[in-house]
Amino acid sequence: MELNGKRVVVGVTGGIAAYKAAELVRLLTKQGADVQVAMTEGATHFVTPTTFQALSGKPVYVDQWDARMPNAMAHIDLSRQADLIVVAPASADFLARIAHGQADDLLATMVLARDCPLLVAPAMNRQMWENPATRRNVDQLRADGIVVLGPASGEQACGEVGAGRMLEPEDIAEEIVAFCQPTVLAGRRVLITAGPTFEAIDPVRGITNLSSGRMGYAVARAARHAGAEVTLVSGPVGFAAPQGVDRVNVRSALEMHAAVLARAAASDIFIAVAAVADYRVANAAEHKLKKESGGIPAIELIENPDILAEVAALPDGPFCVGFAAESRNLEEYAQRKRQRKNIPLIAGNLIQDGFGGDDNRLVLFDDAGAHPLAPAPKSALARQLVEHIAQLLTGKD
Ligand code: PMT
């Protein structure tokens with residue numbers, strides 16, 4: 001529940017994308033946000049207030065003179081109760097009105113009267129989006145500190161193709177979650193490894209491990225939410241990259257090594273979450289091994305480079321954070337790894353807790369000792385790890 005306790009006003013304006021606002025309200029509510037919906041009269045021609053009332057559990061406001069507000073000041077009361085306002089979809093007309101400070105309906109008046117951040121997700125035909133008038137209005141909104149989310153490009157309801165589609169509700173919700181996080185890594189470049197590696201035996205077989213990539217992807221997402229510029233070097237996993245994260249796909253430890261070393265010197269922080277194979281197959285076959293060729297094939301292993309130790313040894317290299325998955329003696333083994341690799345921080349987890357699932361149990365080890373974190377979803381642990389890194393870096397700056 002990444003938006004627990006956040007009070008969000010969702011403004012809906014008239015456009016076909018209004019139907020997607022219903023999903024946005026559902027997603028925000030699911031994340032723990034307290035959602036209040038306000039609609040323009042135009043929006044009610046696309047979706048009824050009843051839909052939003054059912055999803056938010058609250059009456060929906062459309063009319064500035066709504067008699068349900070005892071003081072007849074819906075615009076003030078609703079905006080004062082909000083931690084942020086997001087208008088999705090935001091039509092060309094609505095953007096024009098708020099760019100000029102107009103207050104000609106409840107939603108526009110609320111936006112003008114607000115003392116909280118405003119995010120808008122434009123949605124319109126591509127010609128309307130490209131029109132110089134809209135460009136001017138959007139530039140003005142950005143200059144006024146309003147966050148413009150999207151729009152996306154693609155096929156439009158009118159059948160044309162181009163920029164102007166509203167971002168998908170999941171992407172808007174993700175931007176809102178990001179917006180609500182403290183930007184403790186603003187301006188930092190963070191390089192992260194995640195997932196397993198795959199060491200080929202022949203073209204179709206290989207040695208790998210049970211890392212799902214969940215922990216590393218959660219760390220990448222949390223670092224990006226904390227304001228960092230994030231590059232994720234990922235072994236083979238089945239997830240899409242977190243929004244706003246630059247992903248580099250690799251397969252083997254050697255490929256991961258090359259991808260990391262090419263970027264490490266330009267990074268401020270390196271977080272090695274990947275479960276990298278310690279060994280690769282020295283005699284990998286060019287063609288598929290055939291059973292009928294006789295005998296049991298012997299697999300000869302050679303050691304892979306230790307990516308984390310190499311990055312930690314770089315002169316003026318990034319601040320290095322390791323992970324350690326152990327089956328026992330977590331503190332002793334994790335601290336030993338931290339010292340051997342010469343890194344300031346390592347996150348220890350037990351194999352049975354860490355591999356695969358959505359939850360984990362982490363203990364952070366640094367010069368000050370052990371910092372156990374309560375068992376939690378990987379997303380929450382990733383945030384705590386990012387905050388811990390930011391604190392250690394503040395001490396160093
Ligand atoms: O992906 P999930 O299913 O969510 O699982 C997460 C996880 C259990 C894989 C993760 O939380 C974790 O613990 N990752 C580290 C696994 C491990 O024990 O690595 P290690 O002990 O082999 O290596 C210690 C550290 O050195 C790690 O930061 C590793 O990325 C790094 N390393 C190791 C070997 C190598 N050749 N190069 C490295 O950079």
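Just follow the structure's listing: the first ligand is 1, and inside any ligand the first atom is 1.
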In terms of atom number and element, which parts of ligand 1 are under 4.0 angstrom from non-hydrogen atoms of [X]?
X      : result
Lys337 : 18 (O), 20 (P), 21 (O), 24 (C)
Gly322 : 28 (O)
Arg214 : 1 (O), 2 (P), 4 (O)
Ala325 : 13 (O), 16 (C), 17 (C), 18 (O)
Ala272 : 27 (C), 28 (O), 30 (O)
Ser212 : 1 (O), 2 (P), 3 (O), 4 (O)
Ala274 : 15 (C), 29 (C), 30 (O)
Gly356 : 2 (P), 3 (O)

Practice task
Walk me through it: do Asp93 and Arg97 pass the test salt bridge (charged side-chain N to carboxylate O under 4.0 Å, His left out)?
Solution key: CA-CA 6 Å; Asp93 172 69; Arg97 287 195 282 131; 3.1 Å; yes
For the residue pair [Y] / [X], report whether a side-chain donor-acceptor contact shorter than 3.5 Å exists.
X      : Y      : answer
Arg247 : Tyr217 : yes
Asp353 : Asn360 : no
Gln31  : Thr29  : no
His100 : Gln140 : no

At the 4.0 Å heavy-atom cut-off, does [X] count as touching ligand 1?
X      : value
Gly216 : no
Lys378 : yes
Pro305 : yes
Lys341 : yes

Handout entry: Which residue and heavy atom of the protein sit nearest atom 11 (O) of ligand 1, plus the separation
Key = Asn349 OD1, 2.7 Å
Completion exercise
Of all protein heavy atoms, the one nearest atom 19 (O) of ligand 1 is Phe323 O, 4.0 Å
Exercise for the section: Evaluate the side-chain proximity of Phe355 to Met215: yes if any heavy-atom separation is below 4.5 Å, no if none is. Expected result: no
Exercise for the section: Would you check if Asp278 and Leu301 make a side-chain contact, meaning some heavy-atom pair closer than 4.5 Å? Expected result: no
Taking atom [atom1] of [X] as the centre, report whether more than 12 heavy atoms of other residues, nucleotides or ligands fall under 6.0 Å from it.
X      : atom1 : answer
Arg7   : CZ    : yes
Tyr19  : OH    : no
Glu229 : CD    : no

Exercise for the section: Could you name the option among Gly354, Gly195, Ala347 that has the heavy atom nearest to atom 8 (C) of ligand 1? Expected result: Gly354
